[in-house]
Amino acid sequence: MKLTLAELLPLKVTISKLLHEKIEERASVAYVKYAKGDEEIIPDQTFAQLTAEIKEIREDYRKIDFLLAKANTDHLIEWEDGNLSIVEAIELAKQLRAEVNTLKDFGRSKPIERITRYHLEEATYRKALFDPIELLTT
């Protein structure tokens, strides 16, 4: 069976949820509470059975994680002067978003701003060494 990259992502999420459920289930069957004189009620699945299931699910999760990582490095996207792997493209997108937000903050500043900390202190000024309006319009 061959899966696409788009199909692997929801599968990874599903397996992750199943793994967490099995871990919680194992924690709930790890101990049994009972009153003195009463007979303890043993769960249907044993601690060992759930541990074995968790081991299999973790192996599946690791395989999918590996396949996703491999696909993200093997597949290329054309970008300006060359090709980028999906991993590089994702990182570039994060960097570009951060840069846009930083430049927006610079663009909101005043070209010249009076800065005074205390009432009696001599006034100081802060002058932008760039054109804030130009940043907002580009």
Side-chain angles (χ1 to χ4, degrees):
M1 180 175 175
K2 198 169 188 176
L3 296 172
T4 66
L5 187 58
E7 293 168 326
L8 278 178
L9 291 172
L11 183 59
K12 182 180 176 184
V13 170
T14 302
I15 289 175
S16 178
K17 287 178 184 177
L18 178 62
L19 177 61
H20 286 79
E21 288 170 7
K22 290 295 180 179
I23 290 170
E24 287 177 17
E25 189 178 346
R26 180 178 62 178
S28 72
V29 303
Y31 304 95
V32 63
K33 291 182 185 178
Y34 62 96
K36 186 176 180 178
D38 287 349
E39 217 175 293
E40 64 266 11
I41 299 171
I42 306 298
D44 294 336
Q45 283 196 291
T46 67
F47 184 86
Q49 288 170 329
L50 287 165
T51 299
E53 285 182 32
I54 289 168
K55 184 178 177 183
E56 286 180 31
I57 294 168
R58 283 183 172 150
E59 187 177 324
D60 291 341
Y61 186 86
R62 283 193 311 272
K63 286 178 185 176
I64 288 175
D65 203 38
F66 171 77
L67 291 172
L68 284 168
K70 188 172 177 354
N72 284 339
T73 54
D74 290 350
H75 292 84
L76 300 177
I77 297 171
E78 288 184 36
W79 179 258
E80 294 180 353
D81 297 334
N83 294 324
L84 297 175
S85 69
I86 294 174
V87 172
E88 291 173 303
I90 290 169
E91 181 58 33
L92 176 62
K94 290 177 188 177
Q95 292 173 359
L96 290 175
R97 276 194 297 272
E99 180 69 1
V100 165
N101 288 330
T102 300
L103 292 176
K104 279 167 94 174
D105 289 341
F106 282 127
R108 289 186 197 109
S109 65
K110 297 176 183 174
I112 297 178
E113 184 178 2
R114 182 181 168 158
I115 303 172
T116 306
R117 292 191 181 139
Y118 301 103
H119 180 63
L120 300 175
E121 187 178 310
E122 181 180 348
T124 56
Y125 296 88
R126 182 178 84 161
K127 180 179 179 180
L129 300 177
F130 57 93
D131 185 1
I133 295 170
E134 184 181 311
L135 288 178
L136 289 177
T137 57
T138 56

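When reading the values below, keep in mind they use all heavy atoms of this one structure, side chains included, and skip hydrogens, waters and symmetry mates.
Atom CZ of F130 has more than 12 neighbouring heavy atoms from other residues, nucleotides or ligands inside a 6.0 Å radius. The neighbour count for L96 CG, taken as heavy atoms of other residues, nucleotides or ligands under 6.0 Å away, is above 12. Within 6.0 Å of CD on E7 lie more than 12 heavy atoms contributed by other residues, nucleotides or ligands.
Linking Ile, Leu, Val, Met, Phe, Trp and Tyr whenever their side-chain heavy atoms come within less than 4.5 Å leaves L103 and I133 in two separate clusters. I57 and L8 fall within a single hydrophobic cluster, where Ile, Leu, Val, Met, Phe, Trp and Tyr side chains are chained together by heavy-atom contacts under 4.5 Å. Grouping the Ile, Leu, Val, Met, Phe, Trp and Tyr side chains by contacts below 4.5 angstrom, directly or via other members, places F66 with L3. Criterion: ILVMFWY side-chain heavy atoms under 4.5 Å apart, direct or through other members. Under it, L67 and I90 are part of a common hydrophobic cluster. In this structure, V13 is not a member of the same hydrophobic cluster as I23, with clusters built from ILVMFWY side-chain heavy atoms closer than 4.5 Å.
The minimum heavy-atom distance linking R126 with S109 is given by the pair NH2-CB, 4.1 Å. Closest of all the heavy-atom pairs between L136 and K104 is CD2-O, 4.2 Å. The shortest non-hydrogen separation linking A89 to I77 is CB-CD1, 3.8 Å. Across Q49 and Q45, no two heavy atoms sit closer than the pair OE1-CA, 3.2 Å.
Summarising the geometry, atom CG belonging to L76 is positioned 9.0 Å from atom OG1 belonging to T73; distances are rounded to the nearest 0.5 Å. To the nearest 0.5 Å, atom CG of residue L11 and atom OH of residue Y61 are 11.0 Å apart. Of the inter-residue distances, the one linking L84 atom CG with W79 atom CH2 reads 8.0 Å to the nearest 0.5 angstrom.
No side-chain donor-acceptor contact under 3.5 Å links S16 to the backbone of K12.
Under 3.5 Å, the side chains of E91 and Q95 contain a donor-acceptor pair of N or O atoms.
Put simply, the side chain of I42 reaches to within 4.5 Å of the side chain of E40, judged on heavy atoms. Using a 4.5 Å heavy-atom threshold, the side chains of I86 and L5 count as touching. Residues K22 and E25 meet the side-chain proximity criterion, which asks for heavy atoms closer than 4.5 Å. Side-chain contact between V29 and T46 is absent, with no heavy-atom pair separated by less than 4.5 Å. Contact annotation: the side chain of L92 never approaches that of E88 to less than 4.5 Å [non-hydrogen atoms, C-beta and beyond]. Side-chain contact check for E59 versus K55: every heavy-atom pair is 4.5 Å or farther apart.
Salt bridge annotation for D65-R62: absent, with no cationic side-chain nitrogen under 4.0 angstrom from a carboxylate oxygen.
Checking L18, I15, L19 one by one against D60, the side-chain contact (heavy atoms from CB on, under 4.5 Å) holds for a single residue, I15.
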